[in-house]
Structures are given as structure tokens and as C-alpha cells.
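Bear in mind the structure is a predicted one, so any value in this text is a computation, not a measurement. Both counts, for ligands and for their atoms, begin at 1 and track the order of listing.
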Amino acid sequence: MTKTKIPILDLAPETNELWSELTAAVEGVLRGGQYIMGPQVQAFEEEAAAYLGVKHAVGVNSGTDALVIALRAAGVGAGDEVITSSFTFFATAEAISQVGAVPVFADIEPLTMNLDPGCVEAAVTDKTRAILPVHIFGQAAEMRELCEIARRHGLLIVEDVAQAFGGDYQGRKLGTLGAAGCYSFFPSKNLGAFGDGGLLTTDDARIADAARMLRSHGSKEKYRNEILGYNSRLDEMQAAVLRVKLPHLDQRNRGRLAAAMRYRELLDGVEGVILPHVAADRTHVFHQYTVRIAEGKRDRVREKLAEQGIGTMVYYPVPVHLLPVYAGLGCRLPVTEEAAREVLSLPIGPLIEREAQERVAEAVRAAVR
Ligand SMILES: *Cc1c(COP(=O)(O)O)cnc(C)c1O
């Protein structure tokens with residue numbers, strides 16, 4: 001008997017649920033004839049700002065560009081150090097380097113795998129300009145402590161919210177707690193487009209104005225380019241799609257949370273499997289459901305699940321500070337390195353079926369035995 005496959009990520013049910021609205025939105029853009037910087041982008045920016053509770057939202061080409069443009073708009077550049085996590089996607093550090101600054105990697109907390117405030121504070125030097133926390137897998141970093149460190153040392157906070165659109169911290173939406181928030185609409189993200197897209201949020205009108213200039217070749221007015229910028233706009237088609245999806249985001253994030261709670265039930269007490277830690281004062285939006293399995297066993301579990309058609313992923317197998325671009329820094333982060341050897345992300349989505357989760361849990365139980 002061949003069982004149906006359970007992919008790590010299946011976007012089809014979510015897309016199908018909104019199929020007619022999505023196709024109508026795309027068709028509207030096709031017929032409207034305005035494909036760059038039109039009414040959809042403007043409306044989406046307004047709706048996203050209202051949803052997040054922030055003054056300004058600026059659509060850009062990707063989450064990576066949101067980080068680059070936010071850093072530049074906030075004045076971070078050559079000679080500056082930015083403290084960030086190494087337990088993230090490469091783009092976080094890449095953006096810091098691309099603006100001419102230096103990423104300084106601080107270690108993470110073993111439970112949430114987010115930046116450890118103590119390690120952040122220890123990494124502050126007189127060159128430090130900013131802290132760039134990543135809300136990894138959909139759960140907020142320790143923002144109260146990080147903001148307090150930033151305040152004490154006069155640093156900016158720029159949040160990487162690529163994995164946590166809709167998540168909150170002590171009642172405030174992520175991406176609104178520092179100088180700027182950076183979001184990605186890569187299709188697999190909690191709020192995903194049908195291509196690349198990103199957003200930058202801020203309450204600071206100067207950062208918003210600078211970001212708007214930077215995304216359009218450094219110009220406020222066409223052909224009056226003032227500085228070197230980028231071609232980094234969110235396009236109309238993606239904005240129209242995101243406008244359809246945004247009103248459903250909370251419900252979908254609740255679906256992810258419910259799926260995570262089911263995994264907790266199904267995997268409770270399985271020896272050798274550490275389940276995700278959920279802090280009480282924040283809403284985890286479970287971009288990933290990431291368990292930890294002792295070193296050595298993790299890869300075997302992954303293979304055994306694959307044999308049964310169950311997709312899993314290791315986010316991330318090599319921490320950023322050990323990738324070729326940064327390995328020369330010679331930095332050691334024991335907690336990050338241990339996490340990279342132990343993490344395993346299981347299939348999750350807002351509409352994942354209970355039977356699929358039961359099969360995943362049963363397979364995990366059998367594999368660690
Ligand atoms: C996806 C992601 C990015 C980059 O977003 P893109 O839209 O793919 O450029 C940055 N940081 C983190 C943590 C991510 O997960």
C-alpha cells in the first residue's frame with residue numbers, strides 16, 4: 001500500500017480556498033493595465049500599516065531588500081557593526097554586509113533559538129549601531145530586553161520579521177517595536193505572494209521617506225534622482241494577491257497554532273524529541289514547527305520519515321557564521337552550532353489535516369525508538 005506523500009509545505013489547500021478571489025484580483029490587475037506602483041500597492045501599504053498598527057509601510061521587491069533598504073534608510077553603513085543572529089537565513093547577515101556594515105553574530109537561547117540578550121549585550125562595542133533580531137520560526141525574540149539594551153547603548157533596532165508576519169509580543173505586532181520592521185512575501189512565508197515581495201514598516205517619517213526614495217532609484221520625483229538607490233518595488237500583481245490574503249492571515253495563523261498544539265499532544269513525552277518552546281507573552285505564528293532531536297539521531301529520523309513519504313527540512317544545517325562568507329571571522333557560537341545539529345522542521349500549515357499530523361507523529365515515534 002502506498003501512502004500519500006506529506007510534503008513539508010503544501011500551499012495548494014490555502015490557494016484553493018481563495019481561488020476565485022485570487023484569480024479575480026490578478027485579472028483586475030491585468031485589465032487595469034498599470035503594473036508598477038499603481039493603486040494595488042498603495043492600498044496594500046495602507047492596509048498592511050493599519051493591520052500592523054504602524055504609521056508607514058513601504059512595499060519592496062523582497063524581504064532581503066526590505067532589510068537592505070531599512071538599514072540604509074536608518075543610516076547604517078560603512079564602519080558600523082550590527083549585532084544579529086547566526087541562526088537564520090543567510091539574507092539577514094547578507095543585507096548587513098551589502099550596506100557596508102559588519103554583522104556581529106551573537107549566540108541564541110537554547111529554548112526559543114532567538115537572540116540571547118546577554119550575548120547581545122556582551123557583543124556591543126563603540127562601533128555598534130544596531131541590533132537586528134530575527135523572530136525565528138514565527139516567535140518573537142526577547143524584545144523587552146533587546147530594546148532595553150538598545151536604549152542603554154543608543155542603538156537602533158531593525159527587526160527581521162520574514163518568518164513572523166502577524167506574530168506579536170506583549171500585544172504589539174512584530175516589526176513595530178524598533179526603528180523598522182522587515183517582512184518577506186516569499187511564497188512559503190505565512191503571508192506569501194506568488195513570487196517575490198517584501199515590506200518595510202516604520203513609525204519614523206524620515207526612514208519611510210528615505211525607503212521610498214531608495215526603492216525607486218533614489219528619486220522622489222521621476223528623473224530627479226538624488227542618491228544611488230535600487231529598483232526594488234513591490235509589483236501590482238503581488239500587491240493585489242496580498243490584499244486578498246491579508247484579511248485571512250489571522251485565521252490562518254490560528255490554524256498554524258492549532259496544528260502546533262496538536263503536534264504537542266501527539267508527540268508529548270516522546271523521549272529524545274524536544275518540542276518547540278512557546279513563551280507566554282507572545283503569539284507564535286509557527287512559520288515552522290521545529291523540534292530538536294539529539295545529534296546523530298536527527299539525520300536518521302529525517303531519512304526514516306522520507307522513506308514514508310514525509311517531508312522534513314533542516315533550517316538551517318550550517319549557521320551563517322560558518323558559511324564561507326563569514327567563516328573567516330572565526331566566531332564560535334556553541335548554542336547556535338548545537339541547534340544546527342539538532343533541529344528538524346516537520347510539515348505544518350494552517351490547513352494541515354489531523355490524519356497527516358498523526359502519521360508524522362507516529363513516524364517520529366517509531367524513528368527515535
Ligand atoms: C525569507 C527570509 C528572508 C529573505 O526574504 P526574501 O523575500 O526571500 O528575500 C530574510 N530573513 C529571514 C529570516 C527569512 O526567513
Atoms of ligand 1, numbered as shown, that sit under 4.0 Å from any heavy atom of T88: 13 (C)
Axial cation check for F194 ring with K245, 6.0 Å and 45° limits: yes
Plane angle bin for F87 and F137 - parallel if under 30°, tilted between 30 and 60°, otherwise perpendicular: perpendicular
Result of checking E362, E265, R262 against Q357 for side chain to side chain donor-acceptor pair (under 3.5 Å): R262
Numbered atoms of ligand 1 (with element) below 4.0 Å of S62, judged on heavy atoms: 7 (O), 9 (O)
Shortest protein contact, atom 4 (C) of ligand 1 (heavy atom only): T64 OG1, 3.6 Å
Intermediate values then yes/no, side chain to side chain donor-acceptor pair (under 3.5 Å), Q139 and R282: CA-CA 7 Å; Q139 178 165 239; R282 58 205 80 171; 5.1 Å; no
The one among K189, Q288, Q163 that brings a heavy atom closest to atom 3 (C) of ligand 1: K189
Subset of ligand 1 atoms that lie under 4.0 Å from at least one heavy atom of G63: 5 (O), 6 (P), 7 (O), 9 (O)
Close N or O approach (S184, ligand 1; < 3.5 Å): yes
Heavy-atom side-chain contact between Q163 and N190 under 4.5 Å: no
Test: K189 cationic atom under 6.0 Å from Y183 six-membered ring centre, within 45° of axis: no
Region of A162 engaging ligand 1 - heavy atom pairs below 4.0 Å: side chain
Distance (rounded to the nearest 0.5 Å) between T128 OG1 and L155 CG: 6.0 Å
Element-labelled atoms of ligand 1 that are located less than 4.0 Å from some non-hydrogen atom of T92: 11 (N)
V134: numbered ligand 1 atoms lying under 4.0 Å from its heavy atoms: 13 (C)
Atom 11 (N) of ligand 1: nearest protein contact (heavy atom, Å): D160 OD2, 2.8 Å
